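Below is one structure; the comments refer to it alone.
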Amino acid sequence: MPAPYDLTRQELAGILDGEPDYRVRQVWDGLHVRVQRPEDLTELPAAMRTTLASALPPALHEVSRQSADDGETTKWLWALHDAAKVETVLMCYPDRVTVCVSTQAGCAMGCQFCATGQAGFQRQLAQGEIVEQVAVAMRQAAPRRVSNVVFMGMGEPLANYDRVWGAVERLHGDMGLSARHLTLSTVGIVPGIRRLAAETLPVNLAVSLHAANDTLRDELVPINRRYPLGMLATACADYVAASGRRLSIEWAMIDGVNDRDSDAAELAAFARPLGAHVNLIPLNPTPGYPVVGSTRRHVRQFRDQLLALGVNATIRITRGAEIDAACGQLAASPRPTSARRQDPVQLLRGARSR
């Protein structure tokens, strides 16, 4: 059975067969412009609302909702029709409202420090399951307007390219979000980056890099063994040239692993030719990766090193860590209350041997 945001306008007209065209417009605009549920479209006759609600059940069924940061951060856990589960995070700032959406149930990329990657892959999300996350967040944020959507939740967006791009087009064309406020994140799926460069909408691209030499990146981000740094840099340069957008590089700061002077020099050498902006993210704790994040002081020092090397770099404000809603924590199990500090190099080697 289709969900509300799976349908094209023509398919919606088929469900409303026999109704005048203006009814189709009312329903379409109600779903996308006013982001209402079918049963709440009060301009429609009650019988039609009942029929639509039955024909277009929601794709997302709320399991839990948590808040943090004095109510400015909300995380939902959703159950899908097949009992797969995903999470969505809404973050309200003084100057913007951002929703972070999932694109897969689980993830196949296997990044050690990410809770979703630790959990493994279940399935791709449908376009409607992605778009509905934004619609729910828009209803929650009202009367404030969602201004930004980041495809940085569970999953690798470019490994679900067709459905993700369909969601991008729906968010831009029907829900009124600027392409410049839509950001796709990737761990470095080079064919996906090349497809993105050929699209007409100039969305933002963020690359989760985390290491700028192939030996270390092979350990942290296993897809690097298929698309090593040289190949990734070329694809990113082509994307920047085609889109005119500035590339973002995400760098999770891991104590003793990728926060050394040599790491800053390697990152600068990768980022500078691309004109990229670097987002430094203190590693958020997850139960499956006991290495800890760099201290705030060391993160600031690392940022200052990058600035001195001619790279634009900022430190991301962490939101929602206490409810496991921060970067890398989605789908995390409850954390142990204490963990013994271990040598990061030994942990990396141990993870590879398992």
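Keep in mind it's a predicted model, so treat the numbers as computed, not measured.
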- Message: Using modelled atom types and a 3.5 Å cut-off, is there a donor and acceptor pairing between side-chain atoms of Asn213 and backbone atoms of Thr215?
- Response: yes
- Task: Could you check if a side-chain atom of Leu56 sits within less than 4.5 angstrom of a side-chain atom of Pro2, using non-hydrogen atoms only?
- Result: yes
- Sidechain-backbone polar pair: Asn160 side chain, Thr103 backbone, donor-acceptor under 3.5 Å: yes
- If you measure from CG on Leu182 to OG on Ser147, what distance do you get to the nearest 0.5 Å? 10.5 Å
- Item | Side-chain H-bond candidate by donor/acceptor type, Thr314 with His277, under 3.5 Å | yes
- Does the Glu199 side chain pair with the main chain of Leu201, one donor and one acceptor, at a distance under 3.5 Å? no
- Query: Is the Lys NZ or Arg CZ of Arg96 less than 6.0 Å from the centre of Tyr93's six-membered ring, within 45° of the axis?
  - Reply: yes
- Write out all pairs satisfying salt bridge (charged side-chain N to carboxylate O under 4.0 Å, His left out) with one or both partners inside residues 120-142, taking only residues at least two apart or from two chains. Asp82-Arg123, Arg123-Glu129
- Of all residues at least two apart in sequence or in a different chain, which pass the side-chain contact (heavy atoms from CB on, under 4.5 Å) check with Val63? Leu77, Ala79, Lys85
- Query: Are Asp40 and Arg37 ion-paired here, with the side-chain N under 4.0 Å from a carboxylate O?
  - Reply: yes
- Per side chain to side chain contact (heavy atoms under 4.5 Å, CB included), Leu184 is matched among Leu196, Val150, Ile193, Val149 by Leu196
- Query: Which hydrophobic side chains are connected to Leu309, either touching it within the sub-4.5 Å cutoff or through other members that do?
  - Reply: none
- Do the side chains of Gln104 and Met154 get nearer than 4.5 Å, heavy atoms only? no
- Message: Glu19: which residues meet the salt bridge (Lys or Arg N to Asp or Glu O under 4.0 Å) condition with it, sequence neighbours left out?
- Response: none
- Does any non-hydrogen side-chain atom of Gln140 lie less than 4.5 Å from one of Thr74? yes
- Heavy-atom side-chain contact between Glu72 and Met91 under 4.5 Å: no
- Item | Contacts of Asp21 that satisfy salt bridge (Lys or Arg N to Asp or Glu O under 4.0 Å) - sequence neighbours left out | none
- Those residues at least two apart in sequence (or on a different chain) that pass salt bridge (Lys or Arg N to Asp or Glu O under 4.0 Å) with Asp6 are none
- Message: Just to verify, what does Arg303 make a salt bridge (Lys or Arg N to Asp or Glu O under 4.0 Å) with, not counting sequence neighbours?
- Response: none
- Message: Ignoring hydrogens and geometry beyond distance, is a side-chain donor-acceptor pair present between Glu250 and Asn279 at under 3.5 Å?
- Response: yes
- Task: Please examine the side chains of Trp76 and Val89, heavy atoms only from C-beta on, and report whether any two atoms are closer than 4.5 Å.
- Result: no
- Query: Any donor-acceptor pair under 3.5 Å linking the side chain of Gln124 with the backbone of Ala159?
  - Reply: yes
- Item | Atom pair CD/CG of Glu266 and Leu229 - distance to nearest 0.5 Å | 9.0 Å
- Quick one: does Pro282's side chain get under 4.5 Å of Ser294's, heavy atoms only? no
- Query: What pairs of residues pass the salt bridge (charged side-chain N to carboxylate O under 4.0 Å, His left out) test when at least one of them lies in residues 98-118, not counting sequence neighbours?
  - Reply: none
- Task: Could you tell me the separation between the CZ atom of Phe151 and the OG1 atom of Thr186, rounded to the nearest 0.5 Å?
- Result: 13.5 Å
- Looking only at non-hydrogen atoms, find the nearest pair between Pro38 and Ala53 and report the distance. CB-N, 4.0 Å
- Task: Taking Asp259 for its side chain and Gly256 for its backbone only, find out whether a donor-acceptor pair lies under 3.5 Å.
- Result: yes
- NE2-CG distance between His61 and Leu80, expressed to the nearest 0.5 angstrom: 8.0 Å
- Query: Taking only residues two or more places apart in sequence or in another chain, which ones pass side-chain contact (heavy atoms from CB on, under 4.5 Å) with Pro273?
  - Reply: none
- Query: Would a 4.5 Å heavy-atom cut-off, applied to side chains only, mark Phe270 and Ile249 as touching?
  - Reply: yes
- Closest non-hydrogen contact found for Pro4 with Pro57 is CD-O, 3.1 Å
- Item | Residue pairs, two or more places apart or on separate chains, that pass ring pair (Phe, Tyr, Trp, His ring centres under 6.0 Å) and touch residues 190-230 | Phe113-His210
- Query: Who pairs with Asp174 by side-chain contact (heavy atoms from CB on, under 4.5 Å), at least two apart in sequence or on another chain?
  - Reply: Arg9, Trp28, His32, Arg170
- Task: Would you check if the side chain of Thr51 reaches a backbone N or O of Ala47 as a donor-acceptor pair within less than 3.5 Å?
- Result: yes
- Task: If a pair satisfies side-chain hydrogen bond (donor to acceptor under 3.5 Å, both in side chains) and one of its residues is in residues 232-245, list it, with sequence neighbours excluded.
- Result: Arg194-Asp238, Asn204-Arg245
- Message: What I'd like to find out is whether the side chain of Arg34 reaches to under 4.5 Å of the side chain of Leu41, using heavy atoms alone.
- Response: yes
